[in-house]
Each structure stands twice: as C-alpha cells, then as structure tokens.
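Read the structure below first, then the notes.
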Amino acid sequence: ENIRPVTRNGSINLQPAWSQDGTKLAFTSYRRGNPDLYLADLIRGKTRPLSARPGINSGAAFHPNDQLLALTLSNRGDSDIYTVSANGRDSKRITRSSGIDVSPTWSPDGSRIAFASERSGGVQIYTMDANGGSAQRLTFDGNHNTDPAWSPRDGRIAYVSRDGRFDVFTIGTDGAGRVRITEDMGNNEDPTWSPDGRYLAFSSTRTGASHIWMSTADGIHQKQITKGGGGYSNPSWSPP
C-alpha cells in the first residue's frame, strides 16, 4: 500500500538503496544517458548527482555510518568496487581483479564487504575487508551467483543463484549452512533483508509479471506484496 514515486524524470531509474537514517535514497538513473548515481533527499525533496564518472555508476550501498558508499564503477574498463564519500568525492578503488566485480554490500559493522565477481570463472560471491586486500570466495555451488545482501543481524548473506532459473538462497559468512529460499516459482532476484533480519523481500515472476514478494528468513512462509499489473523489481527495505 501507499506507493509514492521518488523520481519523475521520464528515464530509467533503478537499484535504490536507503541511507541508514532513512532520509535518503541512492539510485542509478539514465536521465543524462549514462548510468549515473544520484542521491535523493527525502526530507527536502531534492535530488543531486553523486557519481557521474564515465561508464557504470551503480549498485550503491551505504556504510553503516552513512558517510561512505560502496558502488560499482567501470571508468577504467572492467567493473570494479569503489568507495566514495557521501558527497561523491574521495573515490577509492578496492578491487583490482580481471573480470567484473559488482554488487557490493556492507557487513553490519562496516568492516567487510561482500560482492559478486567472475575472477574465478563464472560469477561467485566473495567477501573482503572494507579497505580492499585479499578476497575470500563464499559460494561454490553453480556458476552464476550474484546480488549479495548482508543480513543486519545474524551473519548470513542472501544472494541469487541461477539453477535453470534465478532463485534466492542464504549462506553463512563462513560458507556453511546454505538455505534455499525459492524453488520452481519463476525467477526470483534482488533480495533485501528486513532491519531485524527475520524476513527477505525480493522480486519474483512466479505469477507471470514481476512483483515484490516477502519471505521469512527460512523460506517457509512467502506472500506477494505489490498489486496490479506487475513490473516491480529492485526492492530495498528501509531502516526502522
């Protein structure tokens, strides 16, 4: 209920990410042709560019202190993970592998980042210290695992794996305890955790059109959230 538009620019706007204080949304927009990162101030009702470097500026995630964001940039060729300050300055490159590195997500204490990478062949989920350095591979099942989302509570990471179709899984940060959330229910993507870590929201095509669904963290109970003709994707759960 109570759907309210944040953007009205007549362009493609996607991958919203809430600030930790719930007053801002970072998102990628093609309003100027290039996929640039913008910041919407929900209190003042104003939107400003945050990163408009050549190439991709996408997949932003706020650090727990709201003073830093991780995002994907491709201004040097391959897509890599960078951090930028909340004013869009002071960019720092933190991955340097061959192949793409995308979709960063912070640990609850801001000390680590999980991301998707094709450095080992296929796309897998990795974790690393937030200042860069060596990365540890987390997923080994399948050859296309992406869209990680770090739980705010219990040290688990939700992600999407392609097993014929796209499905949502969770896994412990030690690589153990893999749990399948969806199966044989269309394509399921873009997982996002509730602030208490008890639920996941994600997009699903199980009824034909893409809608937002909610599931308990064990996958047992699931329900559709959005209504109408569909076309819903990229959910981002707000802070409390």
Side-chain angles (χ1 to χ4, degrees), residues 15-18 20 58-64 68-72 79-81 83 94-95 97 100-120 122-163 166-183 187-204 212-220 222 233-239:
Q15 296 185 315
W18 288 92
Q20 300 299 320
S58 68
F62 279 92
H63 185 277
L68 198 66
L69 293 94
L71 76 161
T72 300
S79 299
D80 278 297
I81 308 301
T83 59
I94 59 174
T95 63
S97 71
I100 64 165
D101 296 317
V102 296
S103 303
T105 178
W106 296 91
S107 63
D109 64 1
S111 67
R112 295 185 65 77
I113 290 175
F115 61 101
S117 176
E118 63 176 14
R119 63 185 63 191
S120 59
V123 182
Q124 302 293 341
I125 308 300
Y126 290 77
T127 63
M128 65 180 175
D129 291 338
N131 61 359
S134 61
Q136 292 78 49
R137 182 171 168 177
L138 189 66
T139 57
F140 290 86
D141 292 297
N143 61 5
H144 190 94
N145 299 290
T146 188
D147 292 339
W150 208 308
S151 169
R153 290 289 182 265
D154 66 354
R156 295 188 67 77
I157 292 173
Y159 66 99
V160 173
S161 183
R162 186 173 61 197
D163 182 13
F166 292 97
D167 282 302
V168 176
F169 293 78
T170 68
I171 194 169
T173 54
D174 59 356
R178 182 174 182 256
V179 175
R180 185 169 197 146
I181 304 299
T182 63
E183 185 174 11
N187 288 313
N188 303 271
E189 302 176 83
D190 313 318
T192 178
W193 291 93
S194 63
D196 60 8
R198 296 174 59 194
Y199 301 96
L200 284 161
F202 51 90
S203 63
S204 178
I212 304 304
W213 284 69
M214 186 174 76
S215 171
T216 51
D218 57 11
I220 294 176
Q222 302 188 17
S233 64
N234 297 134
S236 179
W237 208 307
S238 75

What distance do Thr146 atom OG1 and Glu189 atom CD have between them, rounded to the nearest 0.5 Å? 9.0 Å
Aromatic plane relationship, Phe169 with Tyr159 - under 30° parallel, 30 to 60° tilted, over 60° perpendicular: parallel
Answer with yes or no whether the side chains of Asp196 and Ser194 bring together a donor and an acceptor at under 3.5 Å. yes
Quick check: does any side chain N or O of Trp106 sit under 3.5 Å from a backbone N or O of Ala61, one acting as donor and the other as acceptor? yes
Short side-chain to backbone donor-acceptor contact, Glu118 and His144, under 3.5 Å: no
Between atom CD of Gln20 and atom NE2 of His63, what is the distance when rounded to the nearest 0.5 Å? 9.0 Å
With rounding to the nearest 0.5 Å, note down the distance linking OG1 in Thr173 to CZ in Arg156. 9.0 Å
Mind checking salt bridge (Lys or Arg N to Asp or Glu O under 4.0 Å) for Asp218 and listing every partner two or more places apart, or none if nothing turns up? none
Would you confirm whether Thr95, through its side chain, and Ile81, through its main-chain N or O, come within 3.5 Å as a donor-acceptor pair? yes
Less than 4.5 Å apart, side chain to side chain, heavy atoms only: is that true for Ser161 and Phe166? no
Dump the intermediate steps for side chain to side chain contact (heavy atoms under 4.5 Å, CB included) on Ile157 and Thr127, then the final yes or no. CA-CA 10 Å; Ile157 292 173; Thr127 63; 4.0 Å; yes
Does the Glu183 side chain pair with the main chain of Arg180, one donor and one acceptor, at a distance under 3.5 Å? no
Quick check on side-chain hydrogen bond (donor to acceptor under 3.5 Å, both in side chains): which of Asn234, Asp190, Asn187, Thr192 does Ser203 satisfy it with? Asp190
Which pair of heavy atoms, one from Ile212 and one from Pro235, lies closest together, and at what distance? CD1-CD, 3.8 Å
Looking only at heavy atoms, the pair that brings Phe115 and Val102 closest together is CB-O, 3.4 Å
Can you name the side chain to side chain donor-acceptor pair (under 3.5 Å) partners of Asn143, sequence neighbours left out? none
If we only count heavy atoms from C-beta on, is the Leu200 to Ile181 side-chain gap below 4.5 Å? yes
Would a distance-only check, ignoring hydrogens and angles, find a side-chain to backbone donor-acceptor pair under 3.5 Å from Gln15 to Ser58? no
Donor-acceptor side-chain pairing of Tyr126 and Ser120 below 3.5 angstrom: yes
When rounded to the nearest 0.5 angstrom, what is the spacing between CG in Asp141 and CZ in Arg178? 4.0 Å
Trp193 (side chain) donor-acceptor with Ala149 (main chain) under 3.5 angstrom: yes
Just by distance, no angles: are the side chains of Asn145 and Gln124 close enough, under 3.5 Å, to form a donor-acceptor pair? yes
So that I can tick it off, tell me whether Arg162 and Asp167 are bridged by a salt bridge, with the cut-off set at under 4.0 angstrom between side-chain N and carboxylate O. no
Indicate the atoms forming the closest heavy-atom contact of Pro108 with Pro64, along with that distance. O-CG, 3.3 Å
Are there over 12 heavy-atom neighbours, none belonging to Arg198, within less than 6.0 Å of that residue's CZ? no
Looking at Arg119, is its backbone amide N or carbonyl O close enough to the side chain of Ser117 to form a donor-acceptor pair, meaning the two atoms are under 3.5 Å apart? yes
dist Ile94:CD1 -> Thr83:OG1 (nearest 0.5 Å) comes out at 5.5 Å
Arg153 backbone acceptor or donor facing Ser151 side chain under 3.5 Å: yes
To the nearest 0.5 Å, what is the distance between CG (Asp154) and OG1 (Thr170)? 8.0 Å
Grab the two heavy atoms, one from Met214 and one from Tyr199, that are nearest each other, plus how far apart they are. CG-CB, 4.2 Å
Which pair of non-hydrogen atoms, one from Ala17 and one from Ala60, has the smallest distance, and what is that distance? CB-O, 3.2 Å
Can you name the side-chain contact (heavy atoms from CB on, under 4.5 Å) partners of Ser204, sequence neighbours left out? Asn188, Phe202, Arg206, Trp213
Of all the heavy-atom pairs spanning Gly175 and Leu138, show the shortest one and how long it is. N-CD1, 3.4 Å
